[in-house]
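Worksheet for the structure shown next.
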Amino acid sequence: EQVRMFTDGACSGNPGPGGYAAILVSGPHRKELNGGFRLTTNNRMELMAIIAGLELLQRPCEVVVSSDSQYVVQAMQKRWPQRWRANGWRLADRLGKPGSGGLAKNPDLWERLLALCERHRVTFRWVRGHSGHPDNERCDELAEAWARHSGLPADAAYEESQRTSR
């Protein structure tokens with residue numbers, strides 16, 4: 001089954017309250033989904049949009065993800081998360097020596113995304129944000145709206161990482 005997925009994440013402040021949205025299209029079927037957290041980052045919301053969309057799929061699919069997040073698209077196209085995971089979620093140093101740099105950010109979400117990419121055949125495409133594509137514009141609206149909701153749940157992994165890094 002082929003699925004086209006459009007995603008976006010938003011954060012009011014960075015960190016701050018955040019929202020994410022995804023639109024999945026397969027043949028005549030279309031599904032919108034969104035959510036958010038009370039304290040998070042824009043990059044975490046970009047990742048969550050893709051994760052939430054892929055988790056919605058009931059069986060393995062061929063998925064084309066269109067995202068305006070260069071952070072996510074470049075990382076996946078260049079297979080950086082696989083290298084970070086292999087090096088204990090450590091980055092390469094300035095000379096390119098694997099595992100000798102600092103810690104990779106958002107390993108909890110990268111791990112979830114990598115597991116989903118093992119289940120589905122996923123292609124990542126970068127699209128320019130705010131360029132008039134109706135589905136990407138709709139994702140932006142949904143994500144921004146969720147970032148403004150009151151009573152959002154905790155992004156527990158992010159909040160815990162902030163407590164332990166002090």
Side-chain angles (χ1 to χ4, degrees), residues 1-27 29-76 81 84-85 89 104-131 133-165:
E1 185 173 352
Q2 294 186 336
V3 176
R4 291 178 296 135
M5 184 187 310
F6 304 89
T7 65
D8 200 14
C11 203
S12 181
N14 199 20
Y20 63 86
I23 297 173
L24 291 85
V25 180
S26 180
H29 306 286
R30 176 185 176 89
K31 174 75 175 173
E32 293 183 356
L33 62 107
N34 47 37
F37 296 99
R38 68 183 180 206
L39 180 65
T40 192
T41 68
N42 187 63
N43 285 339
R44 289 184 67 80
M45 294 299 87
E46 297 284 0
L47 285 161
M48 272 305 303
I50 298 165
I51 290 166
L54 292 173
E55 286 179 344
L56 190 67
L57 301 173
Q58 300 294 312
R59 57 186 173 272
C61 295
E62 186 174 314
V63 184
V64 176
V65 175
S66 296
S67 171
D68 65 1
S69 172
Q70 289 188 6
Y71 169 70
V72 175
V73 173
Q74 283 187 9
M76 292 305 291
W84 300 334
R85 179 174 59 186
W89 295 106
K105 294 185 188 230
N106 308 313
D108 59 316
L109 297 181
W110 286 115
E111 190 68 60
R112 285 173 66 185
L113 181 55
L114 290 175
L116 289 161
C117 288
E118 290 170 7
R119 175 173 163 77
H120 306 286
R121 188 179 323 155
V122 185
T123 303
F124 291 85
R125 295 205 175 126
W126 181 78
V127 294
R128 182 174 305 282
H130 310 287
S131 62
H133 187 285
D135 289 324
N136 278 92
E137 295 293 336
R138 176 70 178 148
C139 284
D140 180 64
E141 291 171 15
L142 293 169
E144 291 282 343
W146 268 90
R148 292 188 300 272
H149 270 126
S150 61
L152 291 171
D155 180 346
Y158 177 75
E159 291 188 24
E160 179 61 26
S161 74
Q162 295 306 292
R163 280 192 290 276
T164 59
S165 69

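Interatomic distance, Arg85 CZ to Trp110 CH2, rounded to the nearest 0.5 Å: 12.0 Å. A distance of 13.5 Å separates SG of Cys61 from CZ of Arg4, quoted to the nearest 0.5 Å. Arg112 contributes atom CZ, which lies 11.5 Å from atom CG of Asn106 (distance to the nearest 0.5 angstrom). Rounding to the nearest 0.5 angstrom, the gap separating the OG atom in Ser66 from the CZ atom in Phe6 is 5.0 Å. Taking SG of Cys11 as the start and CG of Asn43 as the end, the distance is 9.5 Å to the nearest 0.5 Å. A distance of 10.5 Å separates CD1 in Ile23 from CD in Glu137, rounded to the nearest 0.5 Å.
With a 4.5 Å cut-off on side-chain heavy atoms, Thr7 and Met48 do not count as touching. In this structure the side chain of Leu57 reaches within 4.5 angstrom of the side chain of His120, judged on heavy atoms. Taking the side chain as every heavy atom from C-beta outward, Leu109 and Arg44 approach each other to under 4.5 Å. No side-chain heavy atom of Asp8 sits less than 4.5 Å from a side-chain heavy atom of Tyr20. Counting heavy atoms from C-beta outward, Val122 and Leu54 have side chains that approach closer than 4.5 Å.
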Practice task
Begin with the C-alpha distance, continue with both residues' side-chain angles, and end with the deciding distance and a verdict on side chain to side chain contact (heavy atoms under 4.5 Å, CB included) for Phe37 and Met45.
Solution key: CA-CA 9 Å; Phe37 296 99; Met45 294 299 87; 3.4 Å; yes

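The side-chain hydrogen bond (donor to acceptor under 3.5 Å, both in side chains) check on Glu1 picks up Ser26, Arg59, with sequence neighbours excluded. With sequence neighbours left out, the side-chain hydrogen bond (donor to acceptor under 3.5 Å, both in side chains) criterion links Gln74 to no other residue.
Note on ring orientation: taking the six-membered ring where Trp is involved, the planes of Trp84 and Trp89 are tilted (angle from 30° to 60°).
Classification of Asp68 and Arg125 as a salt-bridged pair fails, no side-chain N sitting under 4.0 Å from a carboxylate O.
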